[in-house]
Amino acid sequence: MPATPGPSVLSDRVAQIPPTVFSEMSALAVRTGALNLGQGFPDVDGPASVVAAAVEALQAGANQYAPGIGVPALRAAIARHQQRHYGLTPDPDTEVVVTTGCTEAIAGALLGLVDPGDEVVVLEPYYDSYTAMLDMCGARRRPVTLRAETGFRPDPDELRAAITPATKLVLLNTPHNPTGTVLTREELQLVADLAIENDVLVVTDEVYEHLVFDDARSAEGQVPIATLPGMWERTLTLSSVGKSWSFTGWKVGWATGPARLVQAVLAAKQWLTFTSGAPLQPAVAHALDHEPEWPAALARDLQARRDLLCAGLAEAGLPARLPEGTYFATTDISHLGWEDGRAFCLALPERAGVVAIPTQGFYDDADAGRQLVRWAFCKEPAVISEGVRRLAAADLAR
Ligand SMILES: *Cc1c(COP(=O)(O)O)cnc(C)c1O
């Protein structure tokens, strides 16, 4: 059918949100046959026993609506997971809700807690669904900028200036996508002090909670802000099975926190998806209970791939900061004469046969992000080696 010309049918609400750069760059990878070191999905699936548990649930008839809050077995497994790793003891019946990926937990938390005009403090560069959802909520965004010059650490003075009595909530992400920063206990304590002092809520996206490297600056590893004194009662912690167990396509996530905050997520969720995929929930419970060591093994693997990528990038003249967690590394490409990471990424398939992601769209502060490019290392070592070989062989100067 020929395309119908005419005015856009899009609502202003979604038309004002820029399209996601991941689809554009992945399409570019397909079109040019380039290696995709851009989009963050692993090229190997999670544990077979978890897939088997999903098949079993499908065949056993777990095929009708699950309870909106999530199936009891999964809520209990999530509560045990929080206890095992962090000593937190959420009540599985009132302090845990299952969502359609962490994405729906983010949407539910923001729709359930934020009114138009409310101020939300958020670390930039942003995970792109935050800005889209904050716009849909009519929130006012107060960025705290993670800059390449300062190793992508939050500046304490910027944080102090951003969190005020006008703040409704602070939206954190640690380990942080795309910078790989893992917030230290000290950095989190400052957020906690300010949150308590100003009586604001914290929503923390911890989908990379298990993908922290053992040489991280935060050698303590992942510290959920909900574990700091006085923070449980004002914090909603979000996660999912996607990143830690390499099932990004399953879209099973969760939120944990005090009942009043979990209720807010549930209140919004009931009008979004109502309930999440029934046969996948018992399988995710199986992952949490019976494959508890799998994410740590993945993290060890990823650490080796991170080192392979970062060493190769340095050799190719594209040095990246060593990330402490996640599966992303970032390079500032300005020394090659490029002023614009997007132009660099659009030229990269032709120059080198590789696709990367420009980070600038994830910053409000255009100057802070213009020259940054993100690479993903959740790929087979052979793919990473081939990617950096191509980069080293290419002429990348502007
Ligand atoms: C991938 C990702 C998500 C989305 O998680 P799903 O479980 O796939 O919805 C949320 N936050 C961050 C920071 C991510 O990188």
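Counting convention: from 1, in listed order, for ligands and their atoms alike.
- The side-chain contact (heavy atoms from CB on, under 4.5 Å) check on Ser246 picks up Pro42, Trp294, Leu298, with sequence neighbours excluded.
- Taking the charged nitrogens against the carboxylate oxygens, Arg342 and Glu339 have no contact shorter than 4.0 Å, which rules out a salt bridge.
- Using a cutoff of 4.0 Å between basic side-chain nitrogens and carboxylate oxygens, Arg142 and Glu158 are not scored as salt-bridged.
- For residues 121-170, the ring-ring contact (aromatic ring centres under 6.0 Å, His included) pairs, not counting sequence neighbours, are Tyr127-Tyr130.
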Does ligand 1 have any N/O atom under 3.5 Å from a protein N/O, and what are those pairs and their distances?
residue: ligand 1; atom: 7 (O); partner: Cys102; partner atom: N; Å: 2.8
residue: ligand 1; atom: 7 (O); partner: Ser240; partner atom: OG; Å: 2.7
residue: ligand 1; atom: 8 (O); partner: Lys251; partner atom: NZ; Å: 3.1
residue: ligand 1; atom: 9 (O); partner: Cys102; partner atom: N; Å: 3.0
residue: ligand 1; atom: 9 (O); partner: Thr103; partner atom: N; Å: 2.9
residue: ligand 1; atom: 9 (O); partner: Thr103; partner atom: OG1; Å: 2.6
residue: ligand 1; atom: 9 (O); partner: Lys251; partner atom: NZ; Å: 2.7
residue: ligand 1; atom: 11 (N); partner: Asp205; partner atom: OD2; Å: 2.5
residue: ligand 1; atom: 15 (O); partner: Asn177; partner atom: ND2; Å: 3.0
residue: ligand 1; atom: 15 (O); partner: Tyr208; partner atom: OH; Å: 2.7
residue: ligand 1; atom: 15 (O); partner: Lys243; partner atom: NZ; Å: 3.0

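- Taking the six-membered ring where tryptophan is involved, the planes of Tyr86 and His210 are essentially parallel, since the angle between them stays under 30° and well short of 60°.
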Check residues 104-116 and write down every donor-acceptor pair under 3.5 Å in which the side-chain atom is one partner and the other belongs to a residue at least two apart or another chain.
residue: Glu104; atom: OE1; partner: Thr100; partner atom: N; Å: 2.7
residue: Glu104; atom: OE1; partner: Thr100; partner atom: OG1; Å: 3.4
residue: Glu104; atom: OE1; partner: Lys269; partner atom: NZ; Å: 2.9
residue: Glu104; atom: OE1; partner: Thr273; partner atom: OG1; Å: 3.3
residue: Glu104; atom: OE2; partner: Thr273; partner atom: N; Å: 3.4
residue: Glu104; atom: OE2; partner: Thr273; partner atom: OG1; Å: 2.4

